[in-house]
Each structure stands twice: as structure tokens, then as C-alpha cells.
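This report concerns only the one structure given below.
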Amino acid sequence: MPRETNASRRERAIEVCERLNRRYGPVECFLDHQNPFRLVISVLLSAQTTDAQVNKVTPELFRRWPTPYEMAGASVADVMDVIKSLGFYKTKAKHCVEAAKMIVADFDGEVPSTMRELQKLPGVGRKTANIVLNVGFGIVEGIAVDTHVNRIAHRLALSPKTHEKEPLKTEQDLLKILPHEYWESVNHQWISFGREICSARSPKCAECPLADLCPSCN
DNA sequence: ATCCCGAGGG
DNA sequence: CCCTCTGGAT
């Protein structure tokens, strides 16, 4: 079997986006995003945790520390207590307070709106920065590659296997083959698809709308 | 490469 | 029980 050409890989990637776009349409961000600050905190908290879990703690979190100014003065122990039901709660509590301090001290209380500055915030990496830029500021600079997007990209062989554990490289691969107009919808739509059908554990290949495009499907 | 770390599903 | 969930820092 000959190796797939870049051109056909691109065609397949675009077809994937088209079909998932028809299936899911514009999907909204479920996390609290009343303002960029609450969005950053919510996305930071959502690492390796479902959005539903995050939404359980954010009302109390933002009731007690509504803005970066209050949160910068919070004790890590108190924040920890509020978000204790989330995985990695110790690290996340520290990141919340430290990020709030940095927003106050270095950015005059406003969440920065560039990829470079966002990633200076503790707990904010490339994936979180992409979400904040996109949802919070309407800027589309990349594709947020989380566990779902990463898994789907590799099952569909849109990124080489050698990049399977390197989300940054997977993102670069997707950016290369997908026209910019598709970037924004990838995260939300692929996540919906990943949760509904292309799940990590037992993917429902029998009812998958992309089966004819997927090398992992028998 | 390894650690963080609880809830939920199968 | 074991695996996975909208990752990031060391």
C-alpha cells in the first residue's frame, strides 16, 4: 500500500471538518466565559477533568473571588478547598492565585490577548491559550489540541503516529493541512464527536459518520 | 519522562 | 477494578 500523499490527506481532513460541521454546527463553550478572567480560570481548571465538574465549582469560586484583584489575595488553601472535587486540585489552586497575581501585577488587571503573554500565566499552556484567544477574544491563531482532538487526528491518520504524544506537533500538522477557515470549529466539533462516537475506550465505529475516511476502522 | 489527582464510566 | 477525562510544569 503506497503512502498517502499530502494532498489526499488534506482532502480527507477537510471532508472530516465538513461532515462534523454539518453534524454539530456551531458548538458553544460550556465553561463560564462571562469575561476573559473567568474564562482563563475555568479553562485552567478543566485540565483532565470534564466541563461539568468545573461548572460545579466555579459559581462558588467566583462568588468568593470575582475578579483577579480578589483572587490575587486569596489563600491557596481556601481556593483548594473550593475546587477540591477536581483532579490536580493542589496544582490548580496554586495556579489560580499565581495567575491572578500576575494578571494584576504585569497586565494591569486585564487578561492579555496574545499567545505569548497568555502562556506566561502559570497553568496556561498552548491548548488553554488557544481556547482563551478564540472564545474570549475572537482570535484564531491555532487549533486547541486536547486529548480528544489529538486522539481523533491520529485515528484518522491526519498526523503521523510519531507525533501521537506531542500535541504541539499534532497541532502543526493540522494547521498545515487545514485552511484557516476550519481552525476555529475543530476544537468544539471534534470534542463533541469524540464524546459521542470516537471515544477513547470503545469507539462506536458501527455508527460512525466518518468510517469510510478512517484507517482505524475495520 | 514523570508527576499532579478526583470523579465518573464500563 | 481499570481507564479516561477539553494539560501543564518540572
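Keep in mind that this is a model prediction, so the values were computed, not measured. Letters A, B, ... are given to chains in the order of the sequence lines, protein chains preceding strands, and every chain is numbered from 1.
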Is there a donor-acceptor pair under 3.5 Å between the side chain of [X] and the backbone N or O of [Y]?
X	Y	value
A:Lys92	A:Gly87	yes
A:Ser216	A:Arg155	yes
A:Thr170	A:Asn150	no

Would you say [X] places a side-chain N or O within less than 4.0 Å of OP1 or OP2 belonging to [N]?
X	N	result
A:Thr128	C:dG7	no
A:Arg126	C:dG7	no
A:Gln53	C:dC5	no
A:Arg151	C:dC5	yes

Between [atom2] of [N] and [atom1] of [X], the distance in whole Å:
X	N	atom1	atom2	result
A:Asp146	C:dC5	CG	P	9 Å
A:Arg195	C:dT6	CZ	P	4 Å
A:Leu121	C:dA9	CG	C1'	14 Å
A:Ile143	C:dT6	CD1	C1'	15 Å
A:Leu20	C:dT6	CG	C1'	16 Å
A:Asn130	C:dG8	CG	P	9 Å
A:Tyr24	C:dT6	OH	P	14 Å
A:Lys84	B:dC4	NZ	P	14 Å

What contact category does [X] fall into here, base, sugar-phosphate, or nothing, at under 4.0 angstrom with non-hydrogen atoms?
X	value
A:Lys92	nothing
A:Lys127	base
A:Pro167	nothing
A:Ile191	base
A:Ile83	nothing
A:Lys56	sugar-phosphate

**Complete:** A:Lys90 has its side chain closest, among C:dC5, C:dT4, B:dC5, to B:dC5
**Fill in**
side chain to side chain contact (heavy atoms under 4.5 Å, CB included) with A:Ile14: of A:Arg12, A:Glu11, A:Glu18, only one passes, and it is A:Glu18
**Message:** Quick check on DNA chain B: between A:Tyr89 and A:Ser202, whose nearest nucleotide comes earlier from the 5' end?
**Reply:** A:Tyr89
**Prompt:** Of the non-hydrogen atoms in A:Cys208 and A:Phe193, which two are nearest, and what is the gap between them?
**Reply:** SG-CZ, 3.7 Å
**Asked** Does the side-chain ring of A:Phe88 sit on the six-membered ring of the B:dC4 base, less than 5.5 Å centre to centre and under 30° in tilt?
**Response** yes
**Message:** Go nucleotide by nucleotide along DNA chain C from the 5' end; which of A:His95 and A:Thr49 gets its closest nucleotide reached first?
**Reply:** A:Thr49
**Request:** Identify, between A:Phe30 and A:Val124, the residue whose nearest nucleotide on DNA chain C lies closer to the 5' end.
**Result:** A:Phe30
**Asked** Considering only the P atoms, how many Å lie between C:dT6 and B:dC3, rounded to the nearest integer?
**Response** 24 Å
**Asked** Mind checking the P distance from B:dA7 to C:dG8? Whole angstroms is fine.
**Response** 22 Å
**Asked** Charged N to carboxylate O under 4.0 angstrom, A:Arg151 versus A:Glu164?
**Response** no
